[in-house]
Amino acid sequence: MANFTYGTDYIDYQNGNEQVRLMAWGKNSLRVISNPSGPVNLDCAALLEVEPTEAIITIEDGIAKITNGKITGVIDESNTWNPNGKLSFYNQKGELLLKEAYDGPFLDKPRWFRGIPGGDFRLQATFSSNPEEKIYGMGQYQQNILNLKGCNLELAHRNSQVSIPFYVSNLGYGFFWHNPAVGTVSFGTNTTEWRAESTKQLDYWITAGDNPAEIESQYSDVTGHAPMMPEYGLGFWQCKLRYSSQEEVLKIAREYHKRKIPVDVLVIDYYHWPRCGDFRFDENFFPDPKAMADEVRSYGMELMVSIWPQIESRSENYNEMKRKGLLVKTDRGIDVQMLFHGNNVFYDATNPKARRYVWEKVKKNYRENGIRLFWLDEAEPEYGTYDFDMYRYYIGSALQKTNLYPREYVRGFDEGEQTDYQEHSIKLVRCAWAGSQRYGALVWSGDIHSNFEVFKRQIVAGLQMGLAGIPWWTTDIGGFHGGNIYDNNFQELLIRWFQWATFCPVMRLHGSRHPQTPLFKADGEPTEMTGAANEIWSYGEENYEIMKKFILIRESLRDYTRELMREASEKGTPVMRTMFYDFPEDVITWDLDTQYMYGSDILVAPIVEEKATERWIYLPEGVTWVDARDGNSYEGGQWIKAQATIDTLPIFLKEGKQEYLIGRV
């Protein structure tokens, strides 16, 4: 008993200099903290404060147990050969969910802190692995792998990689590595091993649930819920790299309006500014932003503008921000963090004063001119070299804190909106961390290539992001890099991608299309080029009619999509979800990686192979399914081969839900 102390909702275990705490934290959940050289720190990188829970605590014969609803955590120091106090976790049935790896005094050290000269620690936390376990979530990694068992993942952000260290297990639990440090995780056959390059303590959260929906709901309760999706998020978004003038923006808006094609959001991409970090339009090309925004809104569209966190050394704001300490600090070497149209450093989004400074510039130059939506690009942030030990934030070293950057970047805009306008907007952003959803983050999958292999990966990426707690997610329809608008093969890819995007949380057309055209500033200085046309009439009449058809399908689903967004906001439910999310008892559904549910009623099976006009689809058991194209019914629990010419894709509806799409797809 001497090594244990406890309160109403926690147990502390003293292991020499190490203190370990297990505490109730949310429904059916426990938070675990270990400090190797002092008292535990209860500060939260992502977890929200929760109401204290009166847990059930027992301590007997060197074994301490804490039970919170459906989960029990155990600290076992009864074995004298185990001086560390082994941790294990069980559900309400007494079934083992997870345990630290320990097979004897000479083989394992489940909580291993290795001191770094000058302070702090490298951390390795090792758990025994059930070789039959299946693991899902963890954010967005550009791979076709849905079940992450056997994967090694970097815990760091990059362009098109989003590291959110939460997973759902088919064993009935969810696990959140509550640490924003750069590191890795290995989901091995023998062990699961988490590593942080630099940290002060171990911190994770574990929850038990009877099904994936319960686990996801409990995770969302402790990391935050997305706000309700605004109405303009439900329809079609038009974008390209890049509309370079006010005249061009208005030309596109007028043409969509003339053709009576509904567009919710029209996007103005980067380098519409004089210098990166000026946070305003270049008046030579956008002379009257307010008139532009007013006219576009008169057509039922909202304007969104790109914002970058880079501050170029020639920017009108650089010297002031440098003097006030609002920039990310370079600890050594030349103070250039990204080379792109000049020498750039990043503004420090972890600094509340920096967040407010940037918001005030954006508010004055965009918001007060009628532009309400912002695309927060480069959010990783995209350092020229990912030598994280070189950089330092207001809240600490990049090695320990950099994964928080994209969330704090979005937070600054959300705080500004809440303070000044009492609203939540959508912020389109290229990266996220746990909690980004509560600030209105709409994550897109980054600057990906235009080919079928990459297209297929995006389905897995979207499903994993939903499980990682980010319900608002999208892609560049057609991919970003390498699409030539005159290439028939690219046009096929674009159409297949467009069809699929109709059944994604947000439907957004974007890309750097070829052939490209050089652009110059008013004084003749080269600036960022523009891609070829990317409007739906840019690809020929046949493709135009197909894309128009699917935009109208998206419109017809507006009421349905709105309800999905309400579920996401209230319960943390993914909008696009794995088949096992709705059918966990059907074992086949746990391995389906190119079909999914859009909400609970619509099964989506995109065509993801070049030149394909058919594919196999599994219809889960226990439901009668109706083909949305022809109304034919099929009993669940079987595989079928579905046909899909270029103007359609396989969509199946639960019986009784035929009113959504029959005859439209």
Side-chain heavy-atom pair L557, I602 within 4.5 angstrom cut-off: yes
If you apply the rule side chain to side chain donor-acceptor pair (under 3.5 Å), what do you find for W625 with E635, and how did you get there? CA-CA 6 Å; W625 296 92; E635 286 305 309; over 6 Å; no
Looking only at side-chain N and O atoms, does Q310 offer a donor or acceptor that is under 3.5 Å from a partner on E378? yes
What's the separation between atom CD1 in I551 and atom OG1 in T502, rounded to the nearest 0.5 Å? 8.0 Å
More than 12 heavy atoms of other residues, nucleotides or ligands under 6.0 Å from NZ of K611: is that the case? yes
So for atom CD, which belongs to E585, do other residues, nucleotides or ligands contribute more than 12 heavy atoms lying within a distance under 6.0 Å? no
If you measure from the Lys or Arg side-chain nitrogens to the Asp or Glu carboxylate oxygens, is any gap between R158 and E382 under 4.0 Å? no
Just checking, is any N or O donor in the side chain of Y256 or Q238 under 3.5 Å from an acceptor N or O on the other one? yes
cation_pi(R259, Y544) dist<6.0 Å, angle<=45: yes
To the nearest 0.5 angstrom, please state how far the CD atom of Q140 sits from the OG1 atom of T475. 9.5 Å
Quiz question: by atom type and distance under 3.5 Å, do the side chains of R372 and Y232 form a donor-acceptor pair? no
Are the charged groups of D414 and R438 less than 4.0 angstrom apart, N to O? no
Please check if the side chain of N170 supplies one atom and the backbone of K134 the other of a donor-acceptor pair under 3.5 Å. yes
Kindly give the heavy-atom pair with the smallest separation between A533 and S538, and that separation in Å. CB-OG, 3.4 Å
Yes or no on side chain to side chain donor-acceptor pair (under 3.5 Å) for R513 and Y539, after CA distance, side-chain angles and deciding distance? CA-CA 12 Å; R513 304 294 184 236; Y539 295 92; 3.2 Å; yes
Look at the side chain of R562 and the backbone N and O of P230, then say whether any donor-acceptor pair between them is shorter than 3.5 Å. no
Would you check if there is a donor-acceptor pair between the side chains of E216 and S220 at a distance under 3.5 Å? no
Parallel, tilted or perpendicular: which fits the ring planes of W500 and Y596, with parallel below 30° and perpendicular above 60°? perpendicular
Distance-only polar pair, side chains of Q458 and S445, donor-acceptor under 3.5 Å: yes
Please report the interatomic distance CD(E492) to CD1(I607), rounded to the nearest 0.5 Å. 10.0 Å
Answer yes or no: is there an ion pair linking E545 with K548, defined by an N-O contact shorter than 4.0 Å? no
Hey, does the side chain of S217 reach the backbone of A213 with a donor-acceptor pair shorter than 3.5 angstrom? no
Step by step, would you call Y618 with D586 a side chain to side chain donor-acceptor pair (under 3.5 Å)? CA-CA 11 Å; Y618 180 72; D586 188 334; 2.7 Å; yes
Minimal non-hydrogen separation, L303 against I371, with atom names: O-CG2, 3.8 Å
Smallest heavy-atom separation, P289 atom then F281 atom, equals CG-CD1, 3.5 Å
Just checking, is any N or O donor in the side chain of D627 or N632 under 3.5 Å from an acceptor N or O on the other one? no
Heavy atoms only: give me the nearest I145-V460 pair and the separation to one decimal. O-CG1, 3.4 Å
Nearest-0.5 Å distance that lies between atom CD1 in I546 and atom CD in E541: 11.0 Å
Donor-acceptor pair, Y141 side chain versus E154 backbone, under 3.5 Å? yes
When you measure from the side chain of Q464 to the backbone of Y136, do you find a donor-acceptor pair of N or O atoms at a distance under 3.5 Å? no
Check this for me, if you would: do E528 and R242 make a salt bridge, where the nitrogen-to-carboxylate-oxygen distance has to be below 4.0 angstrom? no
How about F279 and W273: are their ring centres within less than 6.0 Å of each other? no
Going by heavy atoms in the side chains, are R430 and V162 under 4.5 Å from each other? no
Do the ring planes of H510 and F480 sit parallel (below 30°), tilted (30 to 60°) or perpendicular (above 60°)? tilted
Is the W444 ring parallel, tilted or perpendicular to the W375 ring (thresholds 30°, 60°)? perpendicular
Look only at the side chain of K427 and the backbone of F413, and say whether a donor-acceptor pair between them is shorter than 3.5 Å. no
How about OH on Y486, more than 12 heavy atoms from neighbouring residues, nucleotides or ligands closer than 6.0 Å, or not? no
Once rounded to the nearest 0.5 Å, what's the spacing between atom OH of Y581 and atom CD1 of I215? 9.5 Å
Flag the pair K456 and D593 as a salt bridge only when some basic side-chain nitrogen lies within less than 4.0 angstrom of an acidic carboxylate oxygen. no
For L649 versus A644, what's the shortest heavy-atom pair and its separation? CA-CB, 4.1 Å
Proximity of Y366 and H272 rings by center, below 6.0 Å: yes
Ion pair present between R554 and D264, side-chain N to carboxylate O less than 4.0 angstrom? no
Cationic N near anionic O, under 4.0 Å, K251 to E248: no
Out of I588, L603, L463, which one pairs with M579 under the side-chain contact (heavy atoms from CB on, under 4.5 Å) rule? L603
Can you label the angle between the F503 ring and the Y598 ring as parallel, tilted or perpendicular, going by 30° and 60°? perpendicular
Output yes when R496 and E609 qualify as a salt bridge under the 4.0 Å nitrogen-oxygen rule, no when they do not. no
I'd like to know if the side chain of Q638 pairs up with that of Y634 as donor and acceptor (distance under 3.5 Å, no hydrogens or angles considered). no
S163 backbone acceptor or donor facing H157 side chain under 3.5 Å: yes
List for me each residue that meets side-chain contact (heavy atoms from CB on, under 4.5 Å) alongside T645, sequence neighbours excluded, and say none if there are none. D647, T648
Taking the side chain as every heavy atom from C-beta outward, state whether W472 and Q437 have any atom pair closer than 4.5 Å. no
When you measure from the side chain of Q418 to the backbone N and O of E423, does any donor-acceptor pair fall under 3.5 Å? yes
Quick one, W308 with Y271, criterion ring pair (Phe, Tyr, Trp, His ring centres under 6.0 Å). Give me CA distance, side-chain angles, the key distance, then yes/no. CA-CA 9 Å; W308 275 26; Y271 282 86; 5.6 Å; yes
Report the distance from atom CG of L376 to atom OG of S436, rounding to the nearest 0.5 Å. 10.5 Å
Are any side-chain N or O atoms of S450 and backbone N or O atoms of H481, one a donor and one an acceptor, separated by less than 3.5 Å? yes
Exactly one candidate in D269, D476, T530 meets side chain to side chain donor-acceptor pair (under 3.5 Å) with K240; the answer is T530
Shortest non-hydrogen contact from E417 to R367? CG-NH1, 4.2 Å
What pairs meet the salt bridge (charged side-chain N to carboxylate O under 4.0 Å, His left out) rule with one or both residues in residues 567-576, with sequence neighbours excluded? E567-R577
Donor-acceptor pair, side chain of E614 and main chain of K641, under 3.5 angstrom: no
